[in-house]
Amino acid sequence: MSLSMPTRRLVRGATSPTTTTLALQQPSRSLSTSPSRPWFWSKKEPSSPTNLKDAITTGTAEARKSLISKLQSRSEAPAIFEDEVAPQQQAVTEKEAAVLSGDQKSSATSGPLTASQKAAHPKTFTRLGGSLVKEALARSVDPDPQARVRWERKIAIRQVKNGTDAYSLEPRLARIARTERSLHSKSPWLPTSVKKLVHLARQIQGKNVEDALVQMKFSKKKMAAEVTTQLKMARDLAIAERGMGLGQGQEGKMEIQRKDGKWMTVGDRSKMYVAEAWVNKGPVRAKNPDYRARGRMFLKESPSTSLSVVLKEHKTLVREHQEREHRRKKQGPWVHLPDRPITAQRAHYSW
């Protein structure tokens with residue numbers, strides 16, 4: 001306490017640059033008191049980068065070249081069965097040489113292609129040098145053909161067992177999807193509203209495709225022509241893609257009752273009908289001004305709607321009729337006064 005305040009300020013401001021430099025060079029003390037390298041840590045740090053990202057970004061040129069060579073040789077490495085793939089690898093090498101030389105009758109002693117030859121033919125090889133020949137691609141996609149054959153055989157046996165065994169555990173929906181055919185078709189957005197198009201959807205629902213086309217032919221609605229076009233397209237797709245309506249269900253005529261209570265005669269069970277038909281509201285096509293009184297203006301939105309139909313065969317109607325009959329017979333006879341306990345009985349009035 002021998003110095004006064006001005007002297008202290010002078011001494012504090014007169015700090016030499018050497019002292020500041022020494023203070024900056026001193027290492028900062030860590031929060032943990034344990035040393036950075038304990039005595040029991042004897043594992044050496046790897047000098048080269050370990051992961052793929054470090055090898056590409058921070059590795060040397062030799063490391064990057066070795067990595068690229070490994071990636072290139074990976075597509076040409078032998079498969080699991082060396083003895084089975086060796087002849088095929090020789091054939092692939094010969095075919096690659098024939099593709100580059102333009103001669104399909106190349107010699108069998110032609111060796112593998114160099115990197116420059118592969119880079120000069122981008123249509124035959126990938127950017128990393130992988131072969132695009134059919135045999136090489138087939139080997140990379142199907143590395144274990146024996147396992148694939150065993151899996152296909154297992155699935156085929158399972159499908160046959162589920163189809164022939166009456167007590168199989170196949171789900172009901174899976175059995176219906178396997179034995180019956182259907183097609184779902186959706187039209188593009190039509191320039192009309194849901195309120196107008198829903199009447200046509202209800203008109204064709206539940207009818208045969210031919211009857212629905214006749215209904216749309218004599219309809220006065222403007223969108224009846226579009227519905228006719230969509231029905232024809234769905235019918236053609238069902239015939240071409242699913243094989244529906246080809247007349248292969250001749251099993252005799254049968255009287256069935258539909259869900260709405262109407263009776264009908266089914267002769268050809270492969271005949272198509274419109275099982276479902278509904279409409280979906282689409283985006284607004286345009287917004288036009290609607291000028292009103294007193295200088296006001298509203299916006300008129302032009303709607304768009306799509307029509308979706310599901311076509312099925314009469315075989316589905318027969319199955320649904322049989323299921324309803326089975327449930328009706330399973331219920332038993334109707335009893336006017338069933339035998340059940342009497343509840344809520346009192347000896348006095350409740351009001």
Side-chain angles (χ1 to χ4, degrees), residues 176-177 180-250 253-292 297-321 323-324:
I176 292 175
E180 299 177 6
R181 302 170 182 172
S182 63
L183 177 77
H184 171 244
S185 177
K186 181 180 179 181
S187 69
W189 300 117
L190 303 176
T192 183
S193 63
V194 175
K195 186 183 296 185
K196 297 178 182 178
L197 192 61
V198 70
H199 296 291
L200 298 178
R202 292 174 180 174
Q203 189 175 355
I204 65 175
Q205 185 178 8
K207 293 182 174 62
N208 298 335
V209 177
E210 294 79 6
D211 299 341
L213 292 175
V214 171
Q215 291 286 335
M216 294 296 103
K217 180 179 180 181
F218 294 99
S219 178
K220 297 181 180 180
K221 301 290 185 180
K222 182 180 178 180
M223 286 292 110
E226 294 291 340
V227 176
T228 302
T229 303
Q230 296 304 322
L231 279 177
K232 290 182 179 179
M233 291 178 59
R235 179 195 60 187
D236 297 343
L237 285 176
I239 295 174
E241 295 182 358
R242 308 296 171 86
M244 300 168 58
L246 299 180
Q248 300 178 358
Q250 301 290 347
K253 294 184 179 182
M254 180 180 180
E255 292 286 339
I256 64 173
Q257 187 179 14
R258 305 189 59 165
K259 188 176 181 180
D260 54 1
K262 298 181 181 180
W263 289 84
M264 63 177 297
T265 304
V266 176
D268 184 7
R269 299 193 179 184
S270 65
K271 195 173 183 180
M272 291 183 291
Y273 75 101
V274 182
E276 302 177 29
W278 68 91
V279 295
N280 297 320
K281 184 179 180 180
V284 178
R285 294 183 291 112
K287 293 184 179 181
N288 301 323
D290 182 17
Y291 301 102
R292 308 301 296 269
M297 184 187 70
F298 297 159
L299 290 178
K300 288 184 178 180
E301 296 182 352
S302 301
S304 61
T305 314
S306 66
L307 175 68
S308 301
V309 295
V310 175
L311 301 184
K312 294 184 179 180
E313 296 179 336
H314 282 184
K315 183 179 180 181
T316 304
L317 294 178
V318 174
R319 176 186 58 81
E320 294 176 352
H321 168 72
E323 289 180 352
R324 284 192 296 268

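Quick caveat, the model's predicted, so the values are computed rather than measured. Every heavy atom of this structure was used, including side-chain atoms; hydrogens, water molecules and symmetry mates were not.
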Please assess Leu317 against His321 for the test side chain to side chain contact (heavy atoms under 4.5 Å, CB included), listing each intermediate value before the final yes or no. CA-CA 6 Å; Leu317 294 178; His321 168 72; over 6 Å; no
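A 6.0 Å sphere centred on NZ of Lys196 holds no more than 12 heavy atoms belonging to other residues, nucleotides or ligands. Residue-environment remark: CZ (Arg285) exceeds the threshold of 12 foreign heavy atoms within 6.0 Å.
Side-chain contact between Asp290 and Met297: absent, with no pair of heavy atoms (C-beta onward) separated by less than 4.5 Å. Looking only at side-chain heavy atoms (C-beta outward), Asn288 and Ser302 come within less than 4.5 Å of each other. Side-chain contact between Pro191 and Ser304: absent, with no pair of heavy atoms (C-beta onward) separated by less than 4.5 Å. Looking only at side-chain heavy atoms (C-beta outward), Met272 and Asn208 stay at 4.5 Å or farther from each other. Looking at Leu183 and Val309, their side chains never come closer than 4.5 Å, going by heavy atoms from C-beta outward. Looking at heavy atoms from C-beta onward, Met216 lies in side-chain contact with Leu200 at the 4.5 angstrom threshold. Using a 4.5 Å heavy-atom threshold, the side chains of Asp268 and His314 count as separate. With contacts defined as side-chain heavy-atom distances shorter than 4.5 Å, the pair Leu213/Lys232 qualifies.
Smallest separation of non-hydrogen atoms from Trp189 and Gly282: CZ3-CA, 3.3 Å. His199 and Lys195 make their closest contact through CD2-O, 3.0 Å (heavy atoms, listed as atom of the first residue, atom of the second, distance). Nearest heavy atom pair, residue Pro289 against residue Leu299, reads CA-CD2, 4.3 Å. Residues Ala277 and Val274 come closest through the heavy atom pair CB-CG1, 4.2 Å. Heavy-atom minimum distance, Gly247 versus Ser270: N-OG, 3.0 Å. Between Glu301 and Lys287, the closest heavy-atom pair is OE2-CE, 3.7 Å.
No hydrogens or angles considered: a donor-acceptor pair under 3.5 Å links the side chains of Glu180 and Thr316.
Of the inter-residue distances, the one linking Ser185 atom OG with Leu237 atom CG reads 6.0 Å to the nearest 0.5 angstrom. One distance of note links OG of Ser182 with CD of Glu313; it measures 9.0 Å at 0.5 Å rounding. Atoms NZ and CD1, from Lys315 and Ile176 in turn, are 11.0 Å apart once rounded to the nearest 0.5 Å. Between Glu320 atom CD and Lys259 atom NZ the span is 7.5 Å, to the nearest 0.5 Å. Within the model, atoms NZ of Lys207 and OH of Tyr273 stand 13.5 Å from one another, a figure rounded to the nearest 0.5 Å. With values rounded to the nearest 0.5 angstrom, Leu190 atom CG is found 7.0 Å from Leu307 atom CG.
If you run side chain to side chain contact (heavy atoms under 4.5 Å, CB included) between Leu197 and each of Lys281, Glu226, Met223, only Met223 comes through.
A donor-acceptor contact shorter than 3.5 Å is absent between the side chain of Arg258 and the backbone of Met264. Panel note: side chain Thr305, backbone Thr192; a donor-acceptor pair is recorded below 3.5 Å.
Ring planes of Trp278 and His184: parallel class, angle under 30° (limits at 30 and 60°).
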